[in-house]
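Only one structure is covered here, and it is reproduced in the block below.
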Amino acid sequence: MSAVSSRLPVFPWDKLEPYKATAAAHPDGIVDLSVGTPVDPVPDLIQRALVSAANSPGYPTVWGTSQLRDALTGWAERRLGARDVAHANVLPVVGSKELVAWLPTQLGLGAGDRVAYPRLAYPTYEVGARLCGAEPVSYEDPTDLDPAGLRLLWLNSPSNPTGRVLDKAELTRIVAWAREHGVLLFSDECYLELGWEAEPVSVLHPDVCGGSYEGVVAVHSLSKRSNLAGYRAAFLVGDAAVLGELLQIRKHGGMMTPAPVQAATVAALGDDTHVAEQRARYAARRTALRAALEGNGFRIEHSEASLYLWATRDEPCWETVARLAQLGVLVAPGDFYGPAGDRFVRVALTATDERVEAAVKRLG
């Protein structure tokens with residue numbers, strides 16, 4: 001056990017604890033904008049679906065019910081513009097973080113293999129590579145990478161932490177490059193429904209993938225768009241051969257989405273109203289926080305999508321974290337996401353309206 005854990009970086013959030021204590025000591029309490037965890041209620045129709053399926057004494061299947069697979073294929077065609085999505089092209093997973101962390105292992109990668117991800121990125125991409133003994137590699141432009149030994153390429157658009165969106169032309173170029181060099185491409189699109197100043201596009205759009213899913217898989221989650229982080233509801237869409245292999249492995253591993261969560265996922269994907277309502281909440285919080293940060297001397301870069309503002313005062317990120325903690329506002333230091341973020345902080349939009357209003361007043 002210690003041999004495996006020694007491969008991993010220090011869990012970054014532990015380093016934030018002293019600053020959290022400082023922020024919590026504020027007379028009006030902490031405003032926690034560090035972790036992007038949803039705070040708004042789970043929509044009623046999803047709760048009802050979960051409760052209705054609560055009497056599920058038998059084991060669920062890893063591939064999910066036919067109703068779930070219908071919901072996944074239908075949503076991918078309706079929302080992503082994907083064409084001819086069959087049941088073989090979808091696979092439910094137990095939250096997207098589990099998938100990111102264990103995908104390289106499930107793909108059989110190990111020593112001598114390389115896993116690439118953006119230079120500013122969700123830390124779990126690196127963790128997944130290290131867990132299986134592969135070499136983690138970060139990039140500015142993936143097509144500049146040496147493809148030798150490169151087995152898995154992660155894209156993330158919209159980006160966590162920067163909110164940057166890769167446009168259709170960029171995605172098309174990268175997909176073509178990955179196919180040319182035989183590199184499996186996984187695109188983390190968990191924030192795709194939260195575009196503000198850009199319209200995010202999936203790698204599964206026919207203009208990007210040419211109508212073929214060969215070598216391409218998209219990762220999606222209901223945590224953000226439906227407030228279901230506590231349900232661990234996510235799924236993959238793409239290359240049937242890759243998903244078929246993962247399905248067989250995950251059957252042996254017992255990686256089953258609970259039956260009530262499968263039913264809740266069907267309800268969530270069949271309703272657009274709650275998604276629009278949640279988007280409106282986040283849009284209002286984003287507008288308020290952005291204005292307050294800019295009024296306090298911050299510059300916002302990218303942030304055209306996702307649930308974060310990528311902000312800088314052109315000073316070391318931990319100085320910014322400490323400065324805001326004195327105001328009772330907790331944010332994430334940019335170096336959590338790679339050395340290139342060492343002068344930025346990530347400000348999450350996931351706080352209640354009352355807490356966002358408190359942060360705006362303090363920043364003012």
Side-chain angles (χ1 to χ4, degrees), residues 8-20 22-23 31-37 96-97 100-101 115-130 135-142 144-145 153-166 170 187-191 194 196-198 200 224 286 289-290 292-294 296-325 327 329-351 359 363:
L8 307 180
V10 175
F11 188 64
W13 296 97
D14 291 344
K15 296 188 287 186
L16 203 56
E17 285 301 316
Y19 302 91
K20 186 174 183 179
T22 297
V31 178
D32 192 343
L33 305 178
S34 62
V35 183
T37 185
S96 58
K97 183 169 185 174
V100 172
V115 175
Y117 51 86
R119 71 185 184 109
L120 284 167
Y122 184 47
T124 312
Y125 303 131
E126 177 187 354
V127 167
R130 293 189 181 280
E135 178 188 356
V137 180
S138 64
Y139 63 78
E140 179 67 34
D141 181 335
D144 291 335
L145 291 168
L153 171 63
W154 278 107
L155 297 185
N156 180 209
S157 175
S159 163
N160 173 17
T162 69
R164 181 188 173 199
V165 173
L166 298 176
E170 290 176 287
S187 180
D188 181 346
E189 301 175 353
C190 290
Y191 296 92
L194 294 166
W196 311 115
E197 296 160 4
K224 315 301 186 185
R286 179 180 182 273
L289 284 170
R290 179 166 193 151
L293 287 165
E294 290 176 336
N296 194 264
F298 283 85
R299 185 177 75 256
I300 308 298
E301 288 196 2
H302 294 303
S303 307
E304 58 262 30
S306 83
L307 281 183
Y308 312 105
L309 292 170
W310 189 237
T312 181
R313 290 175 58 97
D314 294 308
E315 65 187 9
C317 61
W318 286 99
E319 288 185 18
T320 308
V321 170
R323 181 196 304 273
L324 292 176
L327 297 177
V329 178
L330 188 68
V331 298
D335 65 3
F336 276 11
Y337 309 95
D342 65 356
R343 297 180 77 83
F344 285 80
V345 294
R346 193 194 74 170
V347 183
L349 309 179
T350 51
L363 289 165

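Worth knowing before you read on, the calculation uses all heavy atoms, side chains too, and leaves out hydrogens, waters and symmetry mates.
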Before you tell me yes or no, could you show the steps for Phe298 and Val347 under side chain to side chain contact (heavy atoms under 4.5 Å, CB included), namely the whole-Å CA-CA distance, both residues' side-chain angles and the distance that decides it to 0.1 Å?
CA-CA 11 Å; Phe298 283 85; Val347 183; over 6 Å; no
Euclidean distance, Glu135 CD relative to Arg130 CZ, rounded to 0.5 Å:
9.0 Å
Could you go step by step and tell me if Tyr125 and Val115 meet the side chain to side chain contact (heavy atoms under 4.5 Å, CB included) rule?
CA-CA 8 Å; Tyr125 303 131; Val115 175; 5.9 Å; no
Quick one, Phe344 with Tyr337, criterion ring-ring contact (aromatic ring centres under 6.0 Å, His included). Give me CA distance, side-chain angles, the key distance, then yes/no.
CA-CA 10 Å; Phe344 285 80; Tyr337 309 95; over 10 Å; no
Minimum heavy-atom separation for Val165 to Ala305, with atom names?
CG2-CB, 3.5 Å
N/O donor-acceptor pairs under 3.5 Å from side chains in residues 8-17, not counting sequence neighbours:
none

List for me each residue that meets side-chain hydrogen bond (donor to acceptor under 3.5 Å, both in side chains) alongside Ser138, sequence neighbours excluded, and say none if there are none.
none
May I ask you to decide whether Glu294 forms a salt bridge with Arg290, counting only side-chain N to carboxylate O separations under 4.0 Å?
yes
Could you pull out every donor-acceptor pair under 3.5 Å between side chains of residues 153-163 and any protein atom, sequence neighbours left out?
{"unit_1": "Asn156", "atom_1": "OD1", "unit_2": "Asn160", "atom_2": "N", "d": "2.9"}
{"unit_1": "Asn156", "atom_1": "ND2", "unit_2": "Pro158", "atom_2": "O", "d": "3.1"}
{"unit_1": "Asn156", "atom_1": "ND2", "unit_2": "Asp188", "atom_2": "O", "d": "3.0"}
{"unit_1": "Ser157", "atom_1": "OG", "unit_2": "Leu166", "atom_2": "N", "d": "2.8"}
{"unit_1": "Ser159", "atom_1": "OG", "unit_2": "Thr162", "atom_2": "N", "d": "3.3"}
{"unit_1": "Ser159", "atom_1": "OG", "unit_2": "Thr162", "atom_2": "OG1", "d": "3.0"}
{"unit_1": "Asn160", "atom_1": "OD1", "unit_2": "Arg346", "atom_2": "NH1", "d": "2.8"}
{"unit_1": "Thr162", "atom_1": "OG1", "unit_2": "Arg164", "atom_2": "N", "d": "3.1"}

Does some side-chain heavy atom of Val100 sit less than 4.5 Å from a side-chain heavy atom of Tyr117?
no
Between the CG atom in Leu145 and the CD atom in Glu140, the distance rounded to the nearest 0.5 Å is 11.0 Å
I want to check something: taking the side chain as every heavy atom from C-beta on, are Asp32 and Lys20 in contact at a cut-off of under 4.5 Å?
yes
Looking only at non-hydrogen atoms, find the nearest pair between Ala325 and Thr22 and report the distance.
O-CG2, 3.7 Å
Over all atoms of both residues, closest heavy-atom pair of Ser306 and Trp196
O-NE1, 2.8 Å
Inspect the contact between Glu197 and Arg286 and indicate whether a charged nitrogen and a carboxylate oxygen are less than 4.0 angstrom apart.
yes
Could you grab the distance from atom OG1 of Thr312 to atom CZ of Arg299, nearest 0.5 Å is fine?
5.5 Å
In Å and rounded to the nearest 0.5 Å, what is the CG to CG distance from Leu324 to Leu293?
7.5 Å
For the student: nearest non-hydrogen atoms of Cys317 and Pro333, plus distance:
SG-CB, 3.8 Å
For Leu33 and Leu289, what are the C-alpha separation, side-chain angles and deciding distance, and is it a side chain to side chain contact (heavy atoms under 4.5 Å, CB included)?
CA-CA 10 Å; Leu33 305 178; Leu289 284 170; 4.1 Å; yes
Looking at every non-hydrogen atom in both residues, tell me the closest pair between Leu363 and Ala292 and how far apart they are.
CD1-CB, 3.8 Å
Is any side-chain heavy atom of Leu330 closer than 4.5 Å to a side-chain heavy atom of Tyr19?
yes
Quick check: closest heavy atoms across Gly36 and Thr350, and the distance to 0.1 Å?
CA-OG1, 3.3 Å
Measure from the side-chain N and O atoms of Ser303 to the backbone N and O of Glu301, and report whether any donor-acceptor pair falls under 3.5 Å.
yes
